[in-house]
Amino acid sequence: RDPPSPRIPNLFPAKPLPMSRPFANPVALLREHDYRSLWFAGGCFWTVRWIEVLAVSVFVFEFTGSATAVALVMFARTLPMILFGAVIGALAQHFQGRTLMLFGLVVLSLMSAGLSALVAFGAIEVWHIALGAFLNGTYGTMEFSVRRIMLGEIVGAERAGSALALDSVTMNGTRILGPVVGGLLYELIGLEGAYAASALLHGTAVLLVAGLRYRQSARIAPKILFTADLFEGFRYAGTNKLLIGMFIVTVAMNFFSFPFVSMVPVIGKEVLLLSALPIGLLITSNGLGSLVGAVFISLYQPRDRVRVFFLGSVLNLVAIFAFSFSQSFEVAMVTLLIAGLCNACFSANQSAIVFLATIPAMRSRMMGALTMCIGMGHFGLLHIGFMASIYGGATAVAVMTIEGFLVMGAIYLFCPALRKEQ
């Protein structure tokens with residue numbers, strides 16, 4: 001475990017860790033009680049995310065007939081990243097991560113139960129769903145600054161790369177399970193069934209986190225100097241060229257790539273003429289590709305993690321562009337599977353790069369900055385929703401990926417740290 005660090009002086013003399021770290025057996029990691037509990041708790045949260053992405057998207061589209069409304073509800077889930085990402089990163093270093101997680105998960109469990117009841121009694125409105133998505137996104141903002149930092153610290157810096165890559169396997173695995181479960185629950189029971197499953201999974205995560213033995217030490221100082229902590233974090237990020245490049249790629253991917261998921265139900269309905277369950281299978285195929293890629297990366301840690309991260313991002317855009325022209329369920333499945341494989345190169349390395357490229361005392365703040373970058377990129381949901389309302393979902397996805405190609409080309413030219421072997 002990394003020892004607590006004093007407040008960082010102006011020149012930031014400490015050195016980050018090298019990108020290439022020793023391999024850690026995933027089975028050995030899962031034998032450790034605290035790592036396993038946090039790993040499963042993350043799995044519960046991300047399963048809920050994908051259950052709701054499918055069920056909520058289909059319900060809102062059927063309820064309103066508007067692709068823009070679907071995009072706005074999805075945006076409500078990511079808005080907290082923009083508003084609170086850096087704030088939570090600066091505050092998280094002063095509080096026990098276990099306490100923050102328990103409070104958030106209890107709130108989410110009660111909220112999901114309440115939304116299920118509203119649907120069952122026919123009183124649900126779109127704004128209820130958007131509010132639930134906002135609260136879910138607020139907790140999700142802590143994923144990077146709290147839970148993933150805890151995972152790395154529990155296993156120690158030497159095994160952090162493998163531990164975070166294995167966590168990415170879980171996140172991508174839920175992209176297979178969640179949409180199928182969400183589609184099945186929606187067709188058999190309705191939206192109330194999806195929310196009831198969410199309440200149950202959040203409650204399970206509460207029990208897992210409550211059983212943690214690990215307690216964090218205050219990383220910086222017991223006194224909260226919020227403005228100074230926040231400013232110091234931004235100043236540190238400005239001194240690290242690798243982090244700057246990684247943050248810019250993160251914004252680009254979240255703006256030009258990931259919003260396409262909100263259009264899968266729209267394209268499935270409008271172009272492919274599918275019901276909820278086959279649409280769930282489409283999203284699942286994307287998750288399957290991500291899972292396979294993440295498993296490979298966790299078992300065989302890439303020697304040049306940064307280049308794999310960037311190349312996978314570009315190829316992900318290529319596959320999504322191909323998906324936008326799909327005219328059959330089978331072609332859509334294959335292109336989304338390939339997109340998932342490429343996405344794993346991005347997602348399975350993202351947190352590990354930040355953790356390893358950052359000195360210990362700055363990790364929660366840099367993870368908070370990463371969360372904010374993810375949220376800033378999700379203005380792309382508004383962009384794609386606006387285009388979809390005019391040109392249709394498929395055209396909107398195609399235009400977004402072309403814009404992404406141009407931006408990634410500029411990033412490659414102006415961020416040399418992403419081209420160098422780390």
Side-chain angles (χ1 to χ4, degrees), residues 11-12 14-21 78 81-82 85-86 89 144-145 148 160-161 164-165 168 230-260 293 297 301-321 339 341-359 362-363 365-380 383 400-422:
L11 298 181
F12 307 114
K15 296 179 67 176
L17 300 169
M19 288 294 108
S20 179
R21 306 298 297 163
T78 60
M81 293 184 176
I82 306 167
F144 290 90
S145 302
R148 293 190 181 185
L164 292 170
S168 179
L230 196 62
F231 176 76
E232 192 174 59
F234 285 124
R235 188 156 55 92
Y236 173 76
T239 67
N240 192 316
K241 294 181 180 179
L242 176 58
L243 283 180
I244 291 173
M246 203 279 303
F247 288 153
I248 295 173
V249 171
T250 296
V251 171
M253 284 293 287
N254 281 275
F255 191 100
F256 297 109
S257 172
F258 299 151
F260 93 93
I297 290 172
Q301 293 288 295
R303 182 174 181 271
D304 195 343
R305 192 184 296 274
V306 176
R307 287 181 181 174
V308 170
F309 167 83
F310 185 78
L311 180 61
S313 302
V314 174
L315 294 178
N316 174 263
L317 287 169
V318 174
I320 294 171
F321 180 74
L341 285 168
C342 299
N343 173 63
C345 297
F346 169 87
S347 62
N349 287 305
Q350 184 184 53
S351 295
I353 290 173
V354 175
F355 190 93
L356 296 173
T358 306
I359 56 178
M362 284 290 171
R363 283 176 184 154
R365 278 175 276 186
M366 292 305 98
M367 287 292 191
L370 174 64
T371 304
M372 187 173 66
C373 288
I374 294 171
M376 291 291 289
H378 278 61
F379 279 111
H383 182 41
M400 283 276 285
T401 51
I402 291 172
E403 293 170 344
F405 294 144
L406 297 175
V407 171
M408 293 298 282
I411 292 172
Y412 183 80
L413 291 176
F414 294 105
C415 295
L418 296 173
R419 305 196 300 267
K420 296 178 182 178
E421 183 175 342
Q422 302 295 326

Distance from [X] atom [atom1] to [Y] atom [atom2], nearest 0.5 Å?
X      : Y      : atom1 : atom2 : result
Asn343 : Leu315 : CG    : CG    : 11.5 Å
Phe256 : Thr401 : CZ    : OG1   : 10.5 Å
Met366 : Met372 : CE    : CE    : 9.0 Å
Thr358 : Leu242 : OG1   : CG    : 8.5 Å

Is the closest side-chain heavy-atom distance between [X] and [Y] below 4.5 Å?
X      : Y      : answer
Phe405 : Val318 : yes
Val407 : Glu403 : no
Phe379 : Asn254 : no
Gln350 : Ile374 : yes
Val306 : Met246 : no

Could you pull out all residues at least two apart from [X] that satisfy ring pair (Phe, Tyr, Trp, His ring centres under 6.0 Å)?
X      : result
Phe309 : Phe346
Tyr412 : Phe310
Phe321 : Phe325

For Ser313, side-chain hydrogen bond (donor to acceptor under 3.5 Å, both in side chains) partners two or more places apart: none

How far apart are the C-alpha atoms of Phe355 and Arg148, what are their side-chain angles, what is the distance that settles it, and do they pass the side chain to side chain contact (heavy atoms under 4.5 Å, CB included) test? CA-CA 9 Å; Phe355 190 93; Arg148 293 190 181 185; over 6 Å; no

Is the backbone of [Y] close enough, under 3.5 Å, to the side chain of [X] for a donor and an acceptor to pair up by distance?
X      : Y      : result
Asn349 : Cys345 : yes
Asn316 : Gly312 : no
Asn240 : Ala357 : yes

State which residues pass side chain to side chain contact (heavy atoms under 4.5 Å, CB included) with Ile248; sequence neighbours excluded, sorted by chain then number. Ile244, Ile411, Cys415

Nearest heavy-atom pair of Phe255 and Met400: which atoms, and what distance? O-CE, 2.7 Å

